Amino acid sequence: MKDLVELTKKSKHGRPAKSRPMVGKKKKEYQAVVFPNKEEILKSFVHELQDTLPSACFLTGIKKTIPTTTTAAVEVTQENYENYYMEKIVTDACTLTGSTDPNVILEHLPQLSKIDVDCIFKSTFGQSVNPTWTKMRHGRITSSHFYNIFTRVESLLLNPDQCIKSLLSHIMGYESPNPNIKSLKYGREMEPYAKEAYKKEYLKHKQHTDVLFEDSGLVVDNNIPYIASSPDLLVSCKCCGLGMVEIKCCLIPPCQVCSGFCKCKLPKCLKCDEFIHLRKNHPYYGQIQGQLAITKRDWCDLYIHTCNGSFTERIIYDDVFYQNMLHHLKYFFTKYVIPEILTKDLQKQLQEEPMEVDNPSDNVVDNVMGNVYFCPICHCKIREPTMSGYSHRDQSIACDKCHLWYHFTCVHMTKSKVRLLKEWACQYCA
């Protein structure tokens with residue numbers, strides 16, 4: 001048999017064609033690639049599946065891994081990142097000054113270097129699936145609480161006797177929203193899909209060049225170490241500069257009328273005048289302004305993802321709004337957070353109280369002791385009358401349109417005002 005390499009064929013015109021090998025040079029030189037790090041590739045593949053299909057049944061038995069960044073890693077050990085915990089920072093300032101006065105301690109809180117901020121950022125990558133991210137947040141006021149604290153301090157300045165137990169316990173990490181609440185579960189499961197949808201929409205516009213999307217850890221303000229933020233996505237491109245994305249997956253009823261983003265069933269954070277926009281008196285606005293100030297980025301795209309379509313609004317930093325809010329954050333941290341870090345009075349009080357187990361569904365929860373409602377403004381519990389007689393209903397009011405319950409303090413309501421009302425609508429339904 002003739003050698004395949006030397007095999008020639010005749011042309012259609014009877015003339016011998018030029019000799020060419022049947023097997024090309026590249027095929028001859030081909031060698032199978034050997035992967036020595038099969039385990040790393042498998043872990044990476046599983047991680048991509050978890051991000052793409054977070055609710056898939058075949059992934060439920062696999063523990064979610066923490067994603068790694070491609071940037072140069074900062075060596076973080078158990079010993080050095082514990083120095084960034086807020087409790088350690090406050091107690092060190094207390095020891096240094098020899099004083100328990102919150103104002104003195106506040107003045108002696110250290111500023112963080114860029115290396116410190118980067119260390120915290122990279123050690124908290126993965127956010128909620130990373131235990132370090134949770135611990136770093138304890139004792140820090142994060143941007144999701146900014147607006148709630150701002151409005152609560154406004155109320156406290158008028159009436160210092162108001163209860164701040166629930167809000168303070170969330171900041172200290174003693175309590176957290178029940179993850180089985182329907183709206184929270186929906187948002188948690190839909191966020192990966194919403195994030196990919198935003199990326200595709202952003203890249204559709206041809207003017208965006210050199211686009212880079214990055215996941216984020218916890219970003220701590222280097223000058224004010226007790227405030228921090230965790231953006232959903234960091235964005236940079238040549239035309240728009242440095243920005244970020246805040247993704248909100250709102251659980252609302254489907255609309256059979258609107259073809260695009262539904263205007264007749266808007267999420268409560270949005271308002272439609274001449275055009276749809278985020279309400280400035282909503283916690284999301286305070287959260288985004290805080291994120292912009294801490295990350296020192298120019299803009300934030302609020303991306304609302306619903307079953308009726310998506311909506312994007314670009315929000316620019318408002319320094320007047322933020323500085324006013326920052327003053328109230330400083331007041332709350334000095335008056336309530338620092339004393340709690342030093343004394344643990346609230347933690348001891350909560351440990352002495354009997355714990356109740358909730359099995360929430362959306363905003364209403366059937367409990368063996370009665371019904372539990374969640375205030376849409378502060379997201380804290382409102383209890384109706386129970387078998388033991390323990391109730392907060394006389395301190396709350398229900399909207400006659402959306403039938404959600406609100407704390408008196410959250411909507412600036414009093415018993416005397418209620419007696420004069422025939423019906424009442426919340427700020428979102430009014």
Side-chain angles (χ1 to χ4, degrees), residues 47-48 50-55 64-71 117 120-130 132-134 136-137 140-148 176-177 179 183-203 208 211-221 227-237 240-251 267 269-270 278 282-306 309-317 379:
H47 174 66
E48 291 295 331
Q50 288 173 328
D51 283 346
T52 308
L53 303 167
S55 303
K64 187 164 184 179
T65 55
I66 300 171
T68 57
T69 177
T70 55
T71 56
V117 173
I120 295 172
F121 179 82
K122 290 170 183 176
S123 67
T124 55
F125 234 73
Q127 298 192 11
S128 60
V129 299
N130 187 341
T132 305
W133 177 81
T134 304
M136 286 288 185
R137 286 162 53 93
R140 282 190 168 91
I141 302 176
T142 52
S143 56
S144 58
H145 289 116
F146 279 10
Y147 191 79
N148 291 336
S176 59
S183 57
L184 295 181
K185 189 172 185 291
Y186 175 83
R188 187 172 62 252
E189 292 179 351
M190 291 304 298
E191 185 173 308
Y193 300 101
K195 191 179 290 187
E196 292 303 317
Y198 171 83
K199 291 179 181 179
K200 289 179 181 179
E201 288 186 22
Y202 192 86
L203 294 173
H208 297 314
V211 180
L212 178 64
F213 298 111
E214 295 179 282
D215 290 327
S216 175
L218 184 70
V219 184
V220 178
D221 192 306
I227 62 173
S229 179
S230 302
D232 290 326
L233 191 67
L234 300 176
V235 187
S236 63
C237 71
C240 300
L242 297 176
M244 63 182 183
V245 186
E246 181 59 32
I247 296 172
K248 300 296 182 185
C249 300
C250 301
L251 182 61
C269 60
L270 300 179
L278 175 65
H282 194 277
Y284 291 170
Y285 188 79
Q287 178 183 2
I288 290 172
Q289 291 301 327
Q291 288 177 335
L292 289 171
I294 294 170
T295 60
K296 297 176 178 58
R297 299 220 159 203
D298 304 321
W299 51 267
C300 176
D301 279 349
L302 173 64
Y303 187 72
I304 305 290
H305 182 81
T306 71
S310 59
F311 166 80
T312 306
E313 180 184 2
R314 179 153 295 185
I315 297 172
I316 308 300
Y317 175 62
H379 305 293

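Predicted model, so just to flag it, every value in this text is computed and none were measured.
Residues Leu302 and Cys300 fail the side-chain proximity criterion, which asks for heavy atoms closer than 4.5 Å. In this structure, Ile304 and Cys250 have side chains that are in contact, with non-hydrogen atoms separated by less than 4.5 Å. Between Leu203 and His208, the closest side-chain pair of non-hydrogen atoms is not below 4.5 Å. Side-chain contact between Ile315 and Tyr285 is present, with at least one heavy-atom pair separated by less than 4.5 Å. By the 4.5 Å heavy-atom criterion applied to side chains, Phe146 and Ile141 are counted as neighbours. Under the 4.5 Å side-chain criterion, counting only non-hydrogen atoms from C-beta, Glu201 is in contact with Ser310. Between Met244 and Leu292 there is a side-chain heavy-atom pair separated by less than 4.5 Å. Between Cys237 and Tyr202, the closest side-chain pair of non-hydrogen atoms falls below 4.5 Å.
Note: Tyr303 and Tyr198 have perpendicular aromatic rings, judged against thresholds of 30 and 60 degrees for the angle between ring planes.
The shortest non-hydrogen separation linking Ile294 to Asp221 is CG2-N, 3.8 Å. Smallest separation of non-hydrogen atoms from Ser229 and Ser143: OG-OG, 3.1 Å. Residues Ile247 and Ala194 share a closest heavy-atom pair of CG2-CB, 3.6 Å. Pairing each heavy atom of Asn130 with each of Thr132, the nearest pair is OD1-N, 3.0 Å. Shown here for Asp232 and Lys195, the closest heavy-atom pair between the two residues is O-NZ, 3.4 Å.
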- prompt: Going through the distances and angles, do Ser128 and Arg188 end up as a side-chain contact (heavy atoms from CB on, under 4.5 Å)?
  reply: CA-CA 10 Å; Ser128 60; Arg188 187 172 62 252; 5.9 Å; no

query: Can Glu246 and Tyr284 be said to form a side-chain contact (heavy atoms from CB on, under 4.5 Å), step by step?
result: CA-CA 9 Å; Glu246 181 59 32; Tyr284 291 170; over 6 Å; no

task: List the steps and the verdict of side-chain contact (heavy atoms from CB on, under 4.5 Å) for Thr142 and Ile227.
output: CA-CA 6 Å; Thr142 52; Ile227 62 173; over 6 Å; no

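Distance CD/Glu189 to SG/Cys249: 10.5 Å, rounded to 0.5 Å. Here the CD1 atom belonging to Ile288 is positioned 14.0 Å from the OH atom belonging to Tyr317, to the nearest 0.5 angstrom. Interatomic distance, Tyr147 OH to Gln287 CD, rounded to the nearest 0.5 Å: 13.5 Å. His305 contributes atom NE2, which lies 11.5 Å from atom CD of Glu196 (distance to the nearest 0.5 angstrom). For the atom pair CZ (Arg140) and NE2 (His145), the distance works out to 15.0 Å, reported to the nearest 0.5 Å.
The backbone N or O of Ser216 lies less than 3.5 Å from a partner atom in the side chain of Gln127, making a donor-acceptor pair. Remark: the backbone N or O of Val235 is paired with a side-chain donor or acceptor of Arg297 at under 3.5 angstrom. Under the 3.5 Å distance criterion, the side-chain polar atoms of Asp215 are left unmatched by any main-chain donor or acceptor of Phe125. Side chain of Gln289 to backbone of Ile316: a donor-acceptor contact under 3.5 angstrom is found. For the pair Thr124 (side chain) and Leu218 (backbone), a donor-acceptor distance under 3.5 Å is present. Side chain of Trp133 to backbone of Ser230: no donor-acceptor contact under 3.5 angstrom is found.
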